[in-house]
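Side chains included, hydrogens not; waters and symmetry mates left out as well; all remaining heavy atoms used.
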Amino acid sequence: MQELKQLADDIRTELSLIMSETQKPFRASLAVAELTVAIHYVFRSPVDKILWDMEEHTYPHKLLTGRRSLKHLVKQITTLSNGKSHIESMYDPIGAGHGCSSISAGLGMAVARDIKGKRDRIVAVISNETTMAGQVYEAMSNAGYLDSNMVVILNDSLNSLHPKIEDTSATPINALSTTLSKLQSSKLFRRVREFAKALTKQFGRGMHEWAAKIDEYARGLLGPAGSTLFEELGLYYIGPVDGHNIDDLICVLTEVASLDSMGPVLVHVITKEDQLVEMKRSQTTSVSNSHQRVRPPTLGECFVEALVSEAQRDKNIVAVHAGKGMDPSLDLFKCNFPDRFFDVGMAEQHAVTFSAGLSCGGLKPFCIIPSTFLQRAYDQVVHDVDRQKIPVRFIISRAGLVGSDGPTQCGAFDVTFMSCLPNMVVMAPSDEVELANMVATAAQIDDRPVCLRYPKGAVAAIRDSISCGVPIEIGKGRVLVEGKDIALLAYGSMVQNCLRAQSLLSELGVEVTVADARFCKPLDIDLVRSLCKNHVFLVTVEESSIGGFGSHVAQFLSLDGQLDAGTKVTFR
């Protein structure tokens, strides 16, 4: 057992060093070091399937499953490499996306195992962050109904979006709770409990219901607040268990692993991220200090400044944020308008419909969701907002390619799936000045929904603070540089790339026109016609997928007969 404790310490030390060098968040992985060691000690992966809900929790798992190479691990942490992918390793039964999916996938594997007559065990590790998403409870309810054997481990890091909840007493971990958890997980206790249930049924329905109420009351009295919710969903609750005590973890998980034909079980594990970071802070301070340097402001910070400026003039403006982790730049709005800011966590569907309700109540909601997370709420965007022409202002952050953040954070599809909606205004700024102008424009639109996207990263040029934006005409682009040989029609952040390309081509004697489309929908058809008329070549440039801005331009050119007129078009 001492060797396992040392292994957990070694994992934490190595991750602290590697992740501090790559400047990636590491507190979540540090917190689950003991839990990961205990899981791999009790369960036999890859025969037993271990599923993780959060990418940030998977790095100890990677270290223990043959991916310890420093060079390889740094690459994985830098690119996130899908976080966890069955293509990458046989120890990852299914790829991880944005969270809240492990119970659903694990239940599917458990049912497939039962149908095929196999005996492997399924373990799904979820986080209290992902329990804000509805799919978790849908999966738990179905697991309780199907009654297939599987183990759900709730890693409770004691984080909450609500200060009132964080101010209350934390879930207690003491000798009594530990003893009760071990008793709950024991096979003898479970069999006695099942025998008692069967016995009371023999005395009639009334006696059985009365005994069930006593059992529920007793378990609710001895367990932490909210523990009976999992029982109501059909999962047998065990906990809380100290997530940093390997002895207790192995004892409980060993008992749980031995329970056959007992249905789904939830093990509540308490971990402490802040305490672990404090323990390793002295080891990483020197490395962290070496990365501190002056940087230009990000587009996210410029957006928040513009939104604060608009909110100071219009008391009806409110902000709703959804997604995994809040951009620190939003703290500025939250501090200035605490009663007009709502962070709902990983509840994107709720955020969209909540924003629609705010709009129907006479407010002007700005619904701020990263591009890749907005995909999770598309049905609500279609039916609860766009179809009804409710003026919700979608701010799509981290749009486009995100480099080292990896494919699960890539925001390449929002232009395509937002611009196909009949009532949506779709726009993208080329720089921080245009961003402020579009925030002002969105604030004035009150008859239909609108969305604007901006990428991750710093601004194109450092300017003085932008006090407020100036509304621009809907569906009106602009020409930035006049030329006669080639026309570059760019959308969003790609305008800056086109300006750099124009500067290089001018040195070679090629005269290039650079135009900023501003809007994908409605498209500035007069601008497109003018570019086609005055140039032999038209090139559209965007950071999106097929079906995006270039596709809208191509459709217009086809319908308008411009392609028949000899204009040569290239889409990039």
Side-chain angles (χ1 to χ4, degrees), residues 3-4 6-15 18-19 22 24 26 28-114 116 118-127 130 139 148-155 243 246 249-250 253-254 256-257 265 267 269 271 406-408:
E3 292 178 351
L4 295 178
Q6 184 61 47
L7 175 60
D9 290 338
D10 291 343
I11 289 174
R12 187 178 294 109
T13 300
E14 185 164 359
L15 286 177
I18 296 173
M19 294 193 178
T22 58
K24 293 291 182 181
F26 58 88
S29 279
L30 293 175
V32 297
E34 289 88 357
L35 176 60
T36 306
V37 170
I39 290 174
H40 278 280
Y41 179 80
V42 174
F43 298 95
R44 297 294 180 259
S45 178
V47 176
D48 294 335
K49 308 299 188 296
I50 303 174
L51 297 84
W52 298 84
D53 227 18
M54 298 280 287
E55 293 174 357
E56 290 81 355
H57 293 159
T58 62
Y59 299 122
H61 167 76
K62 285 175 176 284
L63 282 172
L64 292 175
T65 53
R67 288 167 278 183
R68 189 171 183 266
S69 167
L70 181 64
K71 181 179 178 181
H72 178 68
L73 187 61
V74 169
K75 179 182 177 182
Q76 297 303 314
I77 293 172
T78 303
T79 63
L80 287 185
S81 182
N82 285 329
K84 188 173 74 71
S85 170
H86 67 285
I87 299 175
E88 177 186 304
S89 172
M90 63 180 178
Y91 293 96
D92 302 334
I94 191 170
H98 293 143
C100 78
S101 60
S102 64
I103 302 179
S104 297
L107 179 60
M109 295 177 187
V111 171
R113 172 203 61 200
D114 296 341
K116 291 191 172 185
K118 297 182 178 180
R119 295 181 59 83
D120 52 289
R121 290 163 293 190
I122 310 296
V123 182
V125 185
I126 65 174
S127 165
T130 58
S148 291
N149 287 346
M150 68 177 297
V151 180
V152 178
I153 299 176
L154 171 59
N155 171 40
I246 287 187
L249 287 170
I250 290 178
L253 292 179
T254 301
V256 168
V265 176
V267 182
V269 176
T271 58
T408 61

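In this structure, CE on Met150 lies 6.5 Å from CD1 on Ile103, to the nearest 0.5 angstrom. The SG atom of Cys100 sits 10.0 Å away from atom CE of Met54, with the distance rounded to the nearest 0.5 Å. Taken from CD1 in Ile11 to CD in Gln6, the straight-line distance is 10.5 Å, to the nearest 0.5 Å. Separating the CG atom in Leu15 from the CG atom in Asp10 is a distance of 11.0 Å, to the nearest 0.5 Å. To the nearest 0.5 Å, the span separating NZ on Lys62 from CG on Leu64 amounts to 12.5 Å. One finds the CZ atom of Arg44 at 10.0 Å from the CD1 atom of Ile50 (value rounded to the nearest 0.5 Å).
Take Asp120 and apply the side chain to side chain donor-acceptor pair (under 3.5 Å) test, not counting sequence neighbours, and it matches no residue. Checked against side-chain contact (heavy atoms from CB on, under 4.5 Å), Asp114 has the following partners two or more places apart in sequence or in another chain: Ser148. Scored by the side chain to side chain donor-acceptor pair (under 3.5 Å) test, Ser45 finds no partners at all (sequence neighbours excluded). Looking at residues two or more places apart in sequence or on another chain, you find a side-chain contact (heavy atoms from CB on, under 4.5 Å) between Leu4 and Met1, Val37, Tyr41, Ile246, Ile250. By the salt bridge (Lys or Arg N to Asp or Glu O under 4.0 Å) test, Arg113 is found to be paired with no residue, residues two or more places apart in sequence or in another chain being considered.
For Ser29 against Pro60, the heavy-atom pair with the smallest separation is O-CG, 3.4 Å. Nearest approach of Gly106 to Leu51, heavy atoms of both residues: N-CD2, 3.7 Å. Across every non-hydrogen atom of Ile94 and Ala105, the tightest pair is CD1-CB, 3.9 Å. Annotation for Thr271 and Ala31: closest pair CG2-O, 3.5 Å, computed over non-hydrogen atoms. Smallest separation of non-hydrogen atoms from Gly243 and Leu249: O-CD1, 3.4 Å. Here the closest heavy-atom approach between residue Thr65 and residue His61 is recorded as OG1-O, 2.7 Å.
Ring-plane geometry between Trp52 and His57 is classed as perpendicular, the angle between the planes exceeding 60 degrees on a 0 to 90 degree scale with a lower cut at 30.
Proximity of Val123 to Asp48: side-chain heavy atoms (C-beta onward) are nowhere separated by under 4.5 Å. Side-chain contact check for Val256 versus Val42: every heavy-atom pair is 4.5 Å or farther apart.
Side chains of Asp53 and Ser127: a donor-acceptor N/O pair is absent below 3.5 angstrom, by distance only.
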Take Leu63 and Thr36, measure what side-chain contact (heavy atoms from CB on, under 4.5 Å) needs, and give me the verdict at the end. CA-CA 10 Å; Leu63 282 172; Thr36 306; over 6 Å; no

